[in-house]
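Heavy-atom basis, side chains included; hydrogens, waters and symmetry copies ignored.
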Amino acid sequence: MPAYTPPLRDMQFVMHEVLNVTEELKAIPRHAEVDVDTINAVLEEGGKFASEVTFPLNISGDEEGCVLDKTTHEVKTPKGFKEAYAQYVEGGWAALSCDPAFGGQGLPFVVNQQFYEMLNSANQAWTMYPGLSHGAYEALAAHGTDEQKKTYLPKLTSGEWTGTMCLTEPHCGTDLGMLRTKAEPQADGTYKLTGNKIFISAGEHDMTENIIHLVLARLPDAPKGSKGISLFVVPKFNVKADGSIGSRNGIYCGGLEHKMGIHGNATAQMVLEGAVGTLVGEPNKGLAAMFVMMNAARLGVGNQSLGLTEVAFQNALAYAKDRIQMRSLSGVKAKDKEADPIIVHPDVRKMLMTAKAYAEGGRALASLCALLLDKEHGHPDEKVRKDSGELVALLTPIVKAFITDNGHISTNACMQVFGGHGFIKEWGMEQFVRDNRINMIYEGTNTIQSLDLLGRKVLGNNGATLKKFGKLVGKLVEEEGVNEKMSEFITPIAILGDQLTKFTTEIGFKGFQNPDEVGAAAVDYLRVAGHFVFGYLFALMARTALRQIAAGNADPFYQAKLQTARFYFAKLFPETATLMRTARAGSAPLMNTDAALA
């Protein structure tokens, strides 16, 4: 059976010693009073909830799965899920970072981010039920009418109701411009929606009395394509004027998907038959409104793989220390045993350190994005809000794709550490691999994220936002460039920064002549950009560790951080050279393959 210990020390290091979040938050009026002790206390309790309440349900939830009653269209979640959710609501966890105007606790996003990492380590399938509600909350808070906010936000804030996003349909996948769900205007100002949606996570369950669906659909006179999509809020049960539950609405679960992983979460086929909904935002502007929820979900998906990377690493490390096999190539290490623990073998250490580095780099990046969101939404300086928003937009596809790809690498590596036992269910490792696999696919596949990064976020504004991030790196290089102890961390990012500028210009020029060049380079490009961001963050973490050691701090945590940073730059960061070479090979080896693919 696997185990899980919340990584509170590393979370505290990232927030308080590297990003200095409480100092940053002092400039934001609504978070000015948030202090280190408050953050630490909240996360300590959050870690207990994750490890003691939801983690024990992870394997059983995977084995049991969800069950649909085809007569009533009701879904029963695995044993214990409903009771755990009731504890979650009772503990006020749903309201952690929500606006006090709707009953929220008003804590920063960056705190909620750390809490959700722990929940994802403990039980990704369970965490998806409350997790999607945050996106629904954000979309309605940004684009809902006063009446919609009054009706839905207090219940989503408290966790009494959950939310979903109903986007794709059987024929269209990510290409939402092809969707066919119709919305017919009614005399009372509502709309009746008819159509079919698929792959709706948490689309139906027994954990709350109502589920609030945000549904993309077309009005009768809507233009074709993505410019003709509107957004509607469609509750499972209609809501009366006094806020109480009314009649059953015409939206129901027609089937559950049989999946590779996340068995404990209901991935529903949703049928709309004259379902009553109300318009969110302007007609035909639904995709823009839904992007609030989609971007929140993309950051959340990166967080899912971060959580799985961490828990997989913890279990692989414990196993490698305990499992004995063979002798060390450099001589016997455990003289009292018939073989040495496998942690003495170089390649086992490589697998463990890969997962550790990707977990710690991912945690730093996810935390940075959460802090930027806090600044974008609450900082009094308009320029700070604008710059923070632009950086989050740039980093979002990296969080989603780079962290989930790394999660795939890491969970597989950790399963490999277990040898044959990793392939056996009782150890829990193969579930981490299976659960992580969806993270590279949903909320826009990682190729879609790569095209978004390179095509929209970088080339779309001639690299302006990338240059803003480059200035952060440049500032660090300037500050530490003459520090000999920092050279092993500074030199690689300084060199890659120059290379990335030329690399981007080259792809942009080739793409202007042939758009397929952008498509051919995008996935490689995102990983290069991901390493550039991770390299910057590891350099920041290494600087902090070196300063603590120089000040006489004997905590072995700082030596461990330095060793992880050195491993990252020596063994993982050099991937960028290969990636740039393969990207420069262009589209011809891909597109001139008609005979090979005939």
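- Atom CD of Q416 has 12 or fewer neighbouring heavy atoms from other residues, nucleotides or ligands inside a 6.0 Å radius.
- Within 6.0 Å of CZ on F199 lie no more than 12 heavy atoms contributed by other residues, nucleotides or ligands.
- Side chains of Q431 and N58: a donor-acceptor N/O pair is present below 3.5 angstrom, by distance only.
- The line from CD1 of I398 to CZ of R298 is 13.5 Å long, rounded to the nearest 0.5 Å.
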Solution key, residues 583-598 side-chain donor-acceptor pairs under 3.5 Å, sequence neighbours excluded:
from	atom 1	to	atom 2	distance (Å)
R584	NE	E506	OE1	2.9
R584	NE	E506	OE2	3.2
R584	NH2	E506	OE1	3.3
S587	OG	E517	OE2	2.8
T593	OG1	L590	O	2.6

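- Side-chain polar atoms of Q114 and S367 form a donor-acceptor pair below 3.5 angstrom.
- Side-chain contact annotation: Q563 with Y568, donor-acceptor N/O pair under 3.5 Å absent.
- With rounding to the nearest 0.5 angstrom, the CG atom of N436 is 3.5 Å from the OG atom of S305.
- Side-chain contact annotation: N446 with S450, donor-acceptor N/O pair under 3.5 Å absent.
- Of the N and O atoms on the side chains of Y129 and S201, not one donor lies less than 3.5 Å from an acceptor on the other residue.
- Applying the salt bridge (charged side-chain N to carboxylate O under 4.0 Å, His left out) definition to pairs two or more places apart or across chains, none involves residues 218-232.
- Surrounding CD of E575 are more than 12 heavy atoms belonging to other residues, nucleotides or ligands, all under 6.0 Å away.
- When only modelled atom types and interatomic distance are considered, R527 and N406 share a side-chain donor-acceptor pair under 3.5 Å.
- Residues E479 and R543 are paired through a salt bridge, judged by an N-O separation under 4.0 Å between the basic side chain and the carboxylate.
- The closest donor-acceptor contact from the side chain of K285 to the backbone of L231 lies at 3.5 Å or more, if one exists at all.
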Pair F573-F534, ring pair (Phe, Tyr, Trp, His ring centres under 6.0 Å): steps then yes or no = CA-CA 9 Å; F573 190 85; F534 267 35; over 10 Å; no
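- For the residue pair L193 and A217, the shortest heavy atom distance occurs at CD2-CB, 3.8 Å.
- A donor-acceptor contact shorter than 3.5 Å is absent between the side chain of D347 and the backbone of K350.
- Taking the charged nitrogens against the carboxylate oxygens, E430 and R434 do have a contact shorter than 4.0 Å, which makes a salt bridge.
- Between E117 and Q113, the side chains place no donor N or O within less than 3.5 Å of an acceptor N or O (distance only, hydrogens not considered).
- More than 12 heavy-atom neighbours from other residues, nucleotides or ligands sit within 6.0 angstrom of NZ on K468.
- A side-chain N or O of T164 and one of H213 form a donor-acceptor pair less than 3.5 Å apart.
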request  = Output, in order, the C-alpha distance, side-chain angles, deciding distance and verdict of side chain to side chain contact (heavy atoms under 4.5 Å, CB included) for M440 and R437.
outcome  = CA-CA 6 Å; M440 302 160 74; R437 192 60 187 84; 3.4 Å; yes
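- A donor atom on one side chain and an acceptor atom on the other are found under 3.5 Å apart for T267 and K259.
- Residues Q124 and N439 bring a donor and an acceptor atom of their side chains to less than 3.5 Å of each other.
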